[in-house]
Amino acid sequence: MTTPASFLTEEMRNQAIGQKSEPRSIDIEKGAIIKFAQAIEDDNPLYNDEMVARDSRYGGLIAPPTFLRSVGVDRPPYPFDMPFNRMLDGGSDWEYFHPVRAGDRITAISEIADINERIGRMGLMVITSIVVTYRNQFGQVAATQTSTSIRY
Amino acid sequence: MAYQVYWDDVIEGMQLPEVVKNPTTQQLVKYAGASGDYYQIHYDQAFAKNNDLEDVILHGALKNAFLGHLVTKWMGPNGDLKRLVAQYRGMDIPGTPVTAKGVVIKKYQDKGANLVDCDIWLENDKGDRTTPGSATVALPCRQALPD
């Protein structure tokens, strides 16, 4: 693959920043929480054992901190053709405001907060900062996740 | 559920109990199913190599989950996770154990909350910190503090 020296223009950046996905809503199912906790091998009873979780201050199962990855939010659309098909995840910065409980309905929207380019080991990379906001059925922001998406 | 760390007992510089993980390709498939992240670099070796990777690699978000495990296990059932940050600097491959570690760097109060900041990271078997991060937790106090 030939690598161009530059791809993003200031105009493209300005068009991209603020682009939002469609909202995605899912019901937080007990079984999905338990399956997720098993997959990450976290045996915390708050995620795995309803009897114990009922006696906790939550009154039932809650989701592990990164469970919201499974909501499957759409990516915000790029307002231009993105020629880099390969992707890496650069990291996540989560802030938590309310617990996510089994039975909640969570609605997620993602938004492009920033976009830049950089020459890396694998050539030109486009680095997008995406903020996902997760609201519960009461309209409360349960959490936000700012993730770094690398395209190359 | 008996274990609980209290803010009163936390000292800056203290280490969080380590959490050791031994990720396998089977765990990556389980995580793909549980999270819905079916990107092939995490289970299809030919696809991964075609993407200039040496092998299938751990999902960054799985490593983030390992760091979440470290912090939530330490803070106990009455702690509240406020912030969790993970940066995927180095790649990790199944078959190589990773250890989640952390250290308390700041203990403080803000708006009535008793908070602790930690540096956290995943370390591979060579001692490389592939996944540095940070966390903030609110902890209960043994005694209510005066206003």
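What you see below is based on every heavy atom in this structure, not just the backbone, and it leaves out hydrogens, waters and symmetry mates. Here is how names work: the chains are called A, B, and so on, in the same order as the sequence lines, proteins then strands, and each is numbered from 1. Since this is a predicted model, take the numbers as computed values, not measurements.
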Donor-acceptor contact below 3.5 Å, side chain [X] vs main chain [Y]:
X	Y	result
A:E95	B:K82	no
B:Y39	A:M87	yes
A:K35	B:K30	no

Do the side chains of [Y] and [X] get nearer than 4.5 Å, heavy atoms only?
X	Y	answer
A:R69	B:Y31	yes
A:D89	B:H59	no
A:R86	B:D52	yes
B:N51	A:Y152	yes

Value for OG1 (B:T72) from OH (A:Y47), rounded to nearest 0.5 Å, stands at 3.5 Å
Worksheet entry | CA sep, side-chain torsions, deciding dist, call: B:H69, A:I40, side chain to side chain contact (heavy atoms under 4.5 Å, CB included) | CA-CA 8 Å; B:H69 186 177; A:I40 65 172; 5.6 Å; no
Among [options], which residue has the highest count of heavy-atom pairs closer than 4.5 Å to chain A?
options	result
B:N78, B:T136, B:V19	B:N78
B:A65, B:G36, B:S134	B:A65
B:A61, B:G33, B:G60	B:A61

The interface call for A:L88 against chain B, heavy-atom contacts under 4.5 Å, is side chain
Heavy-atom cut-off 4.5 Å, strictly under: side chain, backbone, both or neither for A:R57 against chain B?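 Only the side chain of A:R57 comes within 4.5 Å of chain B.
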Derivation of the side chain to side chain contact (heavy atoms under 4.5 Å, CB included) call for B:L84 and A:Y96: CA-CA 8 Å; B:L84 180 66; A:Y96 298 100; 4.0 Å; yes
